[in-house]
Amino acid sequence: MGDRIRMNAISHPRAYMRSLATRDDNTALSGAMQEAIDICKAADFDLIILESAGVGQSDASILDYCDVSMYVMTPEYGAASQLEKINMLDYADLICINKFDKAGALDALADVKKQYKRNHQLFTAKDEDIPVIGTMASKFNDDGVNHLFELLLKKIEAKTSAKFGEYHFAETAKVSQAVIPSSRVRYLSEIAETNRGYDQLVKEQAEFASKLYQLQGAIEIVKADKSVTDALQKQIDFYTEQLTPVAKKLITNWPNKVAEYQKDFYEYTVRDKVIKLPMTATSLSGTKIPKVVLPKYKDWGDILKWQAQENVPGHFPFAAGVFPLKREGEDPTRMFAGEGGPERTNRRFHYVSVEQPAKRLSTAFDSVTLYGEDPDHRPDIYGKVGNSGVSIATVDDAKKLYSGFDLCDPKTSVSMTINGPAPMLLAFFMNAAIDQQCEKYILENNLRDEVNKIIESKFKKGELPFYTGTDGKPVLPEKGELTGALPKGNDGLGLRLLGLSGADVLPADMYEKIKAYALTQVRGTVQADILKEDQAQNTCIFSTEFALKLMGDVQEYFIKEKVRNFYSVSISGYHIAEAGANPITQLAFTLSNGFTYVEYYLSRGMNIDDFAANLSFFFSNGMDPEYSVIGRVARKIWAKAMKYKYKANKRSQMLKYHIQTSGRSLHAQEIDFNDIRTTLQALYAIYDNCNSLHTNAYDEAITTPTEESVRRAMAIQLIINRELGTAKNENPNQGSFLIEELTDLVEEAVLAEFDRITERGGVLGSMERMYQRNKIQEESLYYEHQKHSGELPLVGVNTFLNKKGSPTILPTEVIRSTTEEKELQITNLKAFWKRNEDKSDEMLNRLRIVAINNGNLFEELMETVKYCSLGQITHALYEVGGQYRRNM
C-alpha cells in the first residue's frame, strides 16, 4: 500500500492524511467519502486532495466531489486505441503522465495530447497549450512536477474563488537525472563479454601451447629422422605463430619465476619503497614451509593457463591475492566498537588495540547518526542515542572518539560504517586528523603559550568542550599537560584543540601546509555505498542522484588533494547478504554496484587510474561452499574488466576487500557454537587472502558484544594467523580441484547475473523495478524455509539439540547507553550550537549555494563541519538535494 508508506513522510503539522478502504470490489471511492470531506471542511483545512483507487476506463465518480480534477497515468497504457476508452481524458482539468523517464514517454505524451485534442475538438490548438504534463515524481525538484503544480494552482484559481498570490520554486542542486549516460547502460554485459572473451582466448592459447609442448617432445624422441623432424618443425612453426606475445612470454619466463620463488627472500616495490620479506616459515619440527607454492606442471598449456587464470599472489589476474606477500607486523584484524558517547567507544578502542602494533579501528554509529540527525529529547530519537553504535554529532565528538590514536601514523587505519551522512562524518574525521597534526606542530615548536593566549582571547574559561575521563571528571589542559583519567594507551592526542580548529590558532599558510600533509597520510575507509543502502539496508537519507553527487564530490576532492591511502567508498555486499542474499547474489550485486560507481565517476570526467585505487569492497563470509572463493572470483572479474575494458593500470586492477563473518549465521540457540562457525568462516577468509577481517562475537545474536566476547572473537583470527601451521603459507587454496571448479562456476554465475541486470536497464534501472530487493527477499525466504523445515541442518538450532531442547538464550544484561551519556551528548551539542551561533547560518548558506552552483560539496563541508552539527547540515542539504523516498 503505497499511501500507507507515504504517510510516514508527511511530517508537517498543517497536513493530514487518511486512507479510506472502499470495502467493495467495483468502486473507486469509499461510501464515507462525503462525510470525510465535510469533517475536513469543518476542521478548516484550506485544500482537500482526494485520490481515488483508480478510475480506469469507466469510473469517473470522483468528479461528483471535486472542483478541479486531475488524471494521473503512466506511459505504459497499452495500445494507442486504449486512450479512446479512458473517459477521464474527457473530464479531467489536468492530465499527468508520471514516470516520464521511462522508455516511450515522449511518444505517450504526443499520443495523449492528440487524444485530448480529439475529445475536446481542439484540432488547431498548440501542443504547449494542452494541459498534459510529463512528470518524474521520484526526482527531487522535477521541472515537470513544478510545472504541474503551477498549472494546478491556476486551474484552482480559475474555477474557485481561491487566490494563492505570488509563489516561486527554490533553487536546488543541479544533479543529472541520467547518472549513467544512455549510451553506457550495457556496461555490465560489456564486462561479462570482456571476461568471457579473455577466458576463451586463454583456453585457445593453452591448447596451442600444449600442442607445442607435445611436438617439442616428439622432436626430442625422433631427432635422428630428419624427414620427420622437418614435418614436426613445420607444425611447431605454425603453432608458434598462433601464440600471442604475452603467451610466449609467460611460457619462456616460467623457469625464472620458479627460481625466484625458491630464493630465501622476495623483494618487491610499493610506492618507491623496496620491501624484502622471507619466503619461508619454519615449523617446530624444522620443516621449511614455503609462503608461496608454485605448481609442478611441465606441459606448457598447463603452465600458460595457470598463469593466465591463477598466477602467484600480486600478479594479474590476482586470483591468489593482490599483494606478493602479506604485510608483516600487521594482522588483518579489524577492531570493531561503537556504543554510548565518544568517550566510551574511545575506551573500547584502546582496550581492543592495546599491545597491537597496528591500530585498525572500525566504527559503528548509532541509528541517530546513521540517519544524519542530532541527539535530541524527541521520543523517536532519545532512546536511540548511543545504542547499537556511538553517537557522533560534531567534529568535537570525532576528536574525542579517535583521541590517543595518531590518525596520520601509517600503522593506524580507521573504518567508518556510515552511508547516507558519510560525507559529513568523513569531514569530521579529516578535520580531527588535521587538528591532531596541528597539536603536534604546536608541541614540537613550543608554541603552547602563544596558542593559549589566542584561545583565551577568543573564549572564556570553561567555554570549550572537554573529554570526560574514566572517573567521570573532565580531562583538561594544564601547563601544557592534560590532567585527568584517560584510558590506558590514550596519550591525549586530539584533545588539546577541542572546540576550535588549527586554523584558529596557526598562521593560514602553516595550517594549509599541515592540512595538505595530513590528507596525504590518513589511512582508512568510509562505507558511503548508497546503492546497497537502497537495495538492502535502508539508511538512505538523500535522493539517490544527490547522494551519488556527494560520493563523486568526495572522490574528486581526494584526487585534487592527493588522498591516496583512504578509500572513498567501501562497496558493500555484507548488508546484501545479511538481508538474505545467497553468496552468488551478494557477489554479483556488489560488483555490479562497484562498476556503476566506475561508470558514474568516468561520466563526471575523472580518469580511471585517478579513482579506482580509492575503491574498496566489503563481503560477508557464511558457511556455504561459494564463500570459499568469493574473494578470488571478485579479484578476477574486477582485474580482467579493469585491464581489458577500462584499460586501467595495475594498481587499479587490484581489488582490495574486507571480510566480516556472517551475522546471520549467529544464532540465539546454543550461542557457544557461534564461535565454531565464526572460526570456519575466518578460515575461509584467511585462506582466500582477504585484506582485512572482522570476526563477530558469539553473543551478538542477543546483545551488543561484551569485552570478554570481543576478546574471544579477535582471538579466533589471531590463533589462525599466528598458530595454525598451514596459514603460514599464503596460497593454500591454489591447486585444489574443488576451489578451481567453484571459481569457474561462481564466476560464470556472476556474469550471468550481470546480463540479467543489463536487461533491466543496468543497476539503477533494476533498482527502479525493485529487482535487487525482490531477489534478496526471495532468497531470504528460501533460507528461512530450509532452516525451519530442517532441510538445512543447523547444529543446536534445528538438529542435535541438547536435552533441554536448545532454547533461545535470553541475555542477562543488554548493553545500553546510560541516561547520563544521552544527556551529556545533548548538552554538548547545545553548547556547540551556542559557541558557533554567529557563524553556523552563514556556513549553511554557503553550503546551499555551492550545491545550487554544482560546486564540490565535500570541499565546502570540510569548512562547514567546523561550525555546524550533523543534523544542521543534513537538513540544510535536504532543501537543495532532496530527501530520499522509497521507490514503490
Side-chain angles (χ1 to χ4, degrees), residues 2-3 6 49 51-52 54-57 60 62 66 68-120 122-156 158 167-183 185 543-546 760-762 764-765 767-770 881-883 885-888:
D3 56 350
R6 289 279 188 252
I49 300 170
E51 181 186 16
S52 79
V55 293
Q57 294 175 0
I62 197 166
C66 297
V68 177
S69 62
M70 177 166 71
Y71 178 58
V72 182
M73 59 190 297
T74 64
E76 301 103 341
Y77 51 76
S81 59
Q82 295 294 318
L83 293 174
E84 296 174 14
K85 304 174 188 176
I86 301 175
N87 61 356
M88 278 302 286
L89 295 184
D90 288 308
Y91 304 124
D93 295 296
L94 285 169
I95 295 149
C96 164
I97 303 177
N98 195 33
K99 301 186 179 177
F100 205 61
D101 49 334
K102 294 283 185 288
L106 288 169
D107 294 333
L109 180 69
D111 287 345
V112 174
K113 284 188 173 184
K114 198 182 296 178
Q115 188 63 46
Y116 186 91
K117 287 179 184 179
R118 284 196 201 110
N119 291 3
H120 293 82
L122 297 171
F123 299 110
T124 58
K126 293 179 181 175
D127 268 9
E128 55 267 29
D129 296 332
I130 303 299
V132 181
I133 301 98
T135 65
M136 286 182 271
S138 61
K139 180 185 174 187
F140 176 63
N141 204 33
D142 174 51
D143 288 337
V145 172
N146 289 345
H147 183 44
L148 178 69
F149 181 73
E150 190 177 359
L151 288 182
L152 181 61
L153 294 191
K154 285 177 181 173
K155 287 283 182 187
I156 294 171
Y167 54 87
H168 70 282
F169 301 107
E171 274 196 287
T172 57
K174 295 171 179 65
V175 290
S176 169
Q177 179 67 14
V179 173
I180 305 299
S182 56
S183 60
V185 291
S543 62
T544 303
E545 295 78 22
F546 189 67
R760 291 161 176 84
L764 294 162
M767 281 163 60
E768 284 179 20
R769 292 165 175 79
M770 304 281 284
Q883 202 164 352
R885 293 201 308 175
R886 164 74 50 221
N887 192 335
M888 295 301 159

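For the atom pair NE2 (H147) and SG (C96), the distance works out to 11.0 Å, reported to the nearest 0.5 Å. Atoms OH and CG, from Y71 and D90 in turn, are 11.5 Å apart once rounded to the nearest 0.5 Å. Note that the OG1 atom of T544 and the CG atom of L764 stand 7.5 Å from one another [nearest 0.5 Å]. The line from CZ of R760 to CE of M767 is 15.0 Å long, rounded to the nearest 0.5 Å. Atoms CG and CD1, from L109 and I97 in turn, are 5.0 Å apart once rounded to the nearest 0.5 Å. Between L152 atom CG and D93 atom CG the span is 9.0 Å, to the nearest 0.5 Å.
The list of salt bridge (charged side-chain N to carboxylate O under 4.0 Å, His left out) pairs with a residue in residues 71-82, not counting sequence neighbours, is empty. Sequence neighbours left out, not one pair with a member in residues 72-102 passes ring pair (Phe, Tyr, Trp, His ring centres under 6.0 Å).
Between S543 and G881, the shortest heavy-atom distance links the atoms OG-O, 2.7 Å. The two residues S69 and A92 come nearest to each other via the heavy atoms OG-CA, 3.3 Å.
No option in L94, I95, D127 other than I95 meets the side chain to side chain contact (heavy atoms under 4.5 Å, CB included) test with V132.
With hydrogens and angles left out, the side-chain atoms of N146 and E150 include no donor and acceptor closer than 3.5 Å. Counting only N and O atoms by type, the side chains of N98 and T135 include a donor and acceptor under 3.5 Å apart.
The neighbour count for F169 CZ, taken as heavy atoms of other residues, nucleotides or ligands under 6.0 Å away, is above 12. Under a cut-off of 6.0 angstrom, the local environment of NZ in K117 is crowded, with over 12 non-hydrogen atoms contributed by other residues, nucleotides or ligands.
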With side-chain contact (heavy atoms from CB on, under 4.5 Å) as the criterion, how do E768 and K102 come out once you've worked through the C-alpha distance, each side chain's angles and the decisive distance to 0.1 Å?
CA-CA 10 Å; E768 284 179 20; K102 294 283 185 288; 3.1 Å; yes
Step-by-step salt bridge (charged side-chain N to carboxylate O under 4.0 Å, His left out) determination, E84 to R118:
CA-CA 9 Å; E84 296 174 14; R118 284 196 201 110; 5.0 Å; no
Walk me through whether D111 and Q115 qualify under side-chain hydrogen bond (donor to acceptor under 3.5 Å, both in side chains).
CA-CA 6 Å; D111 287 345; Q115 188 63 46; over 6 Å; no
Should K114 and L83 be marked as a side-chain contact (heavy atoms from CB on, under 4.5 Å) after you check the CA-CA gap, both sets of side-chain angles, and the distance that decides it?
CA-CA 10 Å; K114 198 182 296 178; L83 293 174; over 6 Å; no
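Aromatic ring orientation, H120 versus Y116: parallel (interplanar angle below 30°, classes split at 30° and 60°).
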